[in-house]
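Below you'll find the structure, written out as structure tokens, and then a few comments.
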Amino acid sequence: MNILKLSCLALAIGAVASQAAVAGQQQEAKGFIEDSSLQLINRNFYMNRDYRHGGSNSQGINRAKPANERNGYREEWAHGAQLNFSSGFTQGTVGVGADAFAYGGVKLDTGRGRVGNGLLPISNNRTADAEVPDSYGQIGGAVKMRASSTELKYGEMRPTAPVFATGDSRLLPETATGFQISSNEFDALSFEAGHFTSINRRNSTNSDDDMTSEYAGVEARSVDFAGLSYAVNDDLSLMFYASEAKDVWRQYFANLNYNIPLADSQALNFDLVAYKTRDEGEARAGELDTLTWSLKGAYSFGAHKLSLAYQKVRGDEFFDYIGGDSIWLANSVQYSDFNAPNERSVQIRYDLNMKHYGVPGLTFMARYIKGDDIDGTKADPNGAFAGWAGDDEKHWERDLEARYVFQEGAAKDLSLRLRHATHRSTAFDDDLDEVRLIIEYPLSIL
């Protein structure tokens, strides 16, 4: 797929459409400064992960120790600040603008033997000389242009496509460098495409990090994708994407989301997600041929929501992806993705919104996921996943969460979030307990 040709074509279409459209987004542009925004997000993050078998912790200086001497308790506490600027577009048929960001993190507590949760960078990781810097940060930005309701952007950004989405599950978000184009010329139909060549990981200061996959750790030369989203009506939506991780895989994605209102305070929702992955080019992860899908149903009634989900991996390799949030499967949860070869998994989840009981902003969640039927013995013997899992492997995870968002006053939008996870597994994965406490305060400056 040639992203430059797609970009030029989409911009040309947008330019023509701007002459004929009644009111494209560019026609409503007020100016570079007039439509700009500046937001500051402060995030305080504490996380511990207790490996019940300490020998499985290989981060920091632990890799340099014998397995029976390793520290199985990871603990990090840090404070981060994210400053995000987004300009408006200059007026005219084609408008131009720019986005910029500055991210910084400060270590509050950890140690060379306790680091490794992904909050902070580690120099000389997995050696006896591993060190954790007191602070780290990055700055970056992108230039953008828009014709009608079609926008082209180049630089560092945070893509959100289901086949390539940078993550934001730790102190600072990931970013990726490349081109991205998005078009919303029609009310119900949107299009986006991207070409990315490097990524900045969540605990890195290097915007030139390799495009490595989350599980196999193999490097793709680049990631290209294109996709469509279509809202059939207010209750039914469809998505289709295709992507290529150069010399690793080609991946296809489909999603159907259907909402059925039952009454003023009751509704059913069904969400079907599917990924098809096949090796491509040099096949750096080995032979890949998997179909991974999930179906989730949720019943909302007043303050309550009860969800059930089923997920299946049809293939002899793990479902893998690039970018921390590039997985929309229902059973991708706090610790595990339940994405092992041939795995089937089920989830039951309960959500409670306390606004119905006079405490707006307070929510609770509990879920349990069980995966079994795992068989990794037929993986490509020369591939990245050879020997990762045996036959008849299984595991389970239990997650609990409480969250409160202040509704008014000087602390409005300040959120407090406490998360706990327990994971137990046969030999292919780890037994662990995890706690995360996240305090976040967003502030709109412009």
Side-chain angles (χ1 to χ4, degrees), residues 39-50 74-82 84 103 105 108-109 117-119 158 160 165-174 202 257 259 265-267 269 271 296-309 324-325 327-338 347-369 397-423 432-444:
Q39 184 184 53
L40 174 66
I41 299 175
N42 276 285
R43 179 181 293 170
N44 193 279
F45 206 127
Y46 169 83
M47 179 175 173
N48 71 56
R49 181 175 286 178
D50 186 3
R74 294 181 188 172
E75 185 178 40
E76 294 173 72
W77 181 27
H79 186 86
Q82 306 172 32
N84 293 290
Y103 300 153
L108 299 178
D109 182 53
N117 287 327
L119 297 188
R158 293 163 62 180
T160 59
T166 52
D168 190 19
S169 61
R170 294 296 192 271
L171 188 68
L172 301 179
E174 296 177 330
R202 61 195 182 191
N257 188 277
N259 192 59
S265 59
Q266 298 183 49
N269 178 264
D271 192 56
K296 182 178 181 180
Y299 173 49
S300 303
F301 51 106
H304 315 277
K305 183 165 74 170
L306 181 64
S307 304
L308 298 173
D325 285 346
I327 178 169
W328 284 26
L329 296 169
N331 291 348
S332 172
V333 290
Q334 182 168 328
Y335 170 74
S336 179
D337 289 326
F338 290 85
Q347 175 187 170
I348 182 169
R349 170 173 171 160
Y350 173 69
D351 292 84
L352 176 63
N353 191 330
M354 293 298 291
K355 75 176 182 181
H356 295 271
Y357 297 102
V359 191
L362 180 62
T363 57
F364 297 97
M365 183 277 293
R367 64 188 166 208
Y368 177 82
I369 310 95
E397 179 171 340
R398 181 183 61 241
D399 298 336
L400 302 172
E401 180 176 315
R403 187 170 186 256
Y404 181 68
V405 181
F406 288 83
Q407 304 294 296
E408 56 187 4
K412 188 176 186 298
D413 296 327
L414 172 68
S415 65
L416 311 175
R417 188 180 185 191
L418 178 63
R419 309 182 71 188
H420 181 274
T422 298
H423 182 264
L432 58 86
D433 299 308
E434 180 182 288
V435 174
R436 305 182 191 186
L437 176 59
I438 307 160
I439 303 172
E440 187 169 293
Y441 184 43
L443 179 64
S444 294

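Computed from a predicted structure; not experimentally measured.
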inquiry  = Would you call the rings of Phe301 and Tyr299 parallel, tilted or perpendicular, taking 30° and 60° as the class edges?
reply    = parallel
key: Separation of Met365 CE from Ser307 OG (nearest 0.5 Å)   = 10.0 Å
note = The reported gap from CZ in Arg419 to CD in Glu434 (rounded to nearest 0.5 angstrom) is 8.0 Å
ask   = Only one of Gln82, Arg43, Arg417 clears side-chain hydrogen bond (donor to acceptor under 3.5 Å, both in side chains) with Glu440; which?
value = Arg43
note = To the nearest 0.5 Å, atom CG of Asp109 lies from atom OH of Tyr46 at 8.0 Å
task = Return the minimal non-hydrogen interatomic distance between Glu76 and Gly118, and the atom names on each side.
result = OE2-N, 3.5 Å
key: Distance (rounded to the nearest 0.5 Å) between Ile348 CD1 and Arg367 CZ   = 13.0 Å
message = Nearest 0.5 Å, please: how far is NE2 in His79 from CG in Leu108?
response = 8.0 Å
task = Can you see which heavy atom on Asn117 is nearest to which on Arg170, and at what distance?
result = O-NE, 2.6 Å
request  = Evaluate the side-chain proximity of Phe338 to Glu397: yes if any heavy-atom separation is below 4.5 Å, no if none is.
outcome  = yes
task = May I have the step-by-step check of side chain to side chain contact (heavy atoms under 4.5 Å, CB included) for Leu40 and Tyr441, ending in yes or no?
result = CA-CA 8 Å; Leu40 174 66; Tyr441 184 43; over 6 Å; no
task = Please report the shortest heavy-atom distance between Gln407 and Gly361, naming the atom on each side.
result = NE2-CA, 3.3 Å
task = Identify the two heavy atoms, one from Arg436 and one from Ser169, that lie closest to each other, and give their separation to 0.1 Å.
result = NH1-O, 3.8 Å
request  = Under the side chain to side chain contact (heavy atoms under 4.5 Å, CB included) rule, what do Leu362 and Tyr357 come out as? Steps first, then yes or no, please.
outcome  = CA-CA 10 Å; Leu362 180 62; Tyr357 297 102; over 6 Å; no
inquiry  = Restricting to non-hydrogen atoms, name the atom on Ala81 and the atom on Leu172 that form the minimum distance, rounded to 0.1 Å.
reply    = O-CD2, 4.1 Å
Considering all heavy atoms, the nearest Gly324-Glu174 contact = N-OE1, 3.1 Å
task = Go through the steps for Asp433 and Asn48 under the test side chain to side chain contact (heavy atoms under 4.5 Å, CB included), then give the verdict.
result = CA-CA 8 Å; Asp433 299 308; Asn48 71 56; over 6 Å; no
ask   = Parallel under 30°, tilted from 30 to 60°, perpendicular over 60°: which one fits the rings of Tyr350 and His304?
value = parallel
message = Nearest 0.5 angstrom please: Thr363 OG1 to Tyr404 OH, how far?
response = 11.0 Å
ask   = Can you check whether Gln334 reaches Glu401 side chain to side chain, under 4.5 Å on heavy atoms?
value = no
request  = Indicate yes or no: at least one non-hydrogen side-chain atom of Ile439 is less than 4.5 angstrom from one of Leu414.
outcome  = yes
query = After noting the C-alpha distance and the side-chain angles of Leu418 and Leu400, does the key distance pass the side chain to side chain contact (heavy atoms under 4.5 Å, CB included) rule?
reply = CA-CA 8 Å; Leu418 178 63; Leu400 302 172; over 6 Å; no
request  = Indicate yes or no: at least one non-hydrogen side-chain atom of Asp325 is less than 4.5 angstrom from one of Thr160.
outcome  = no
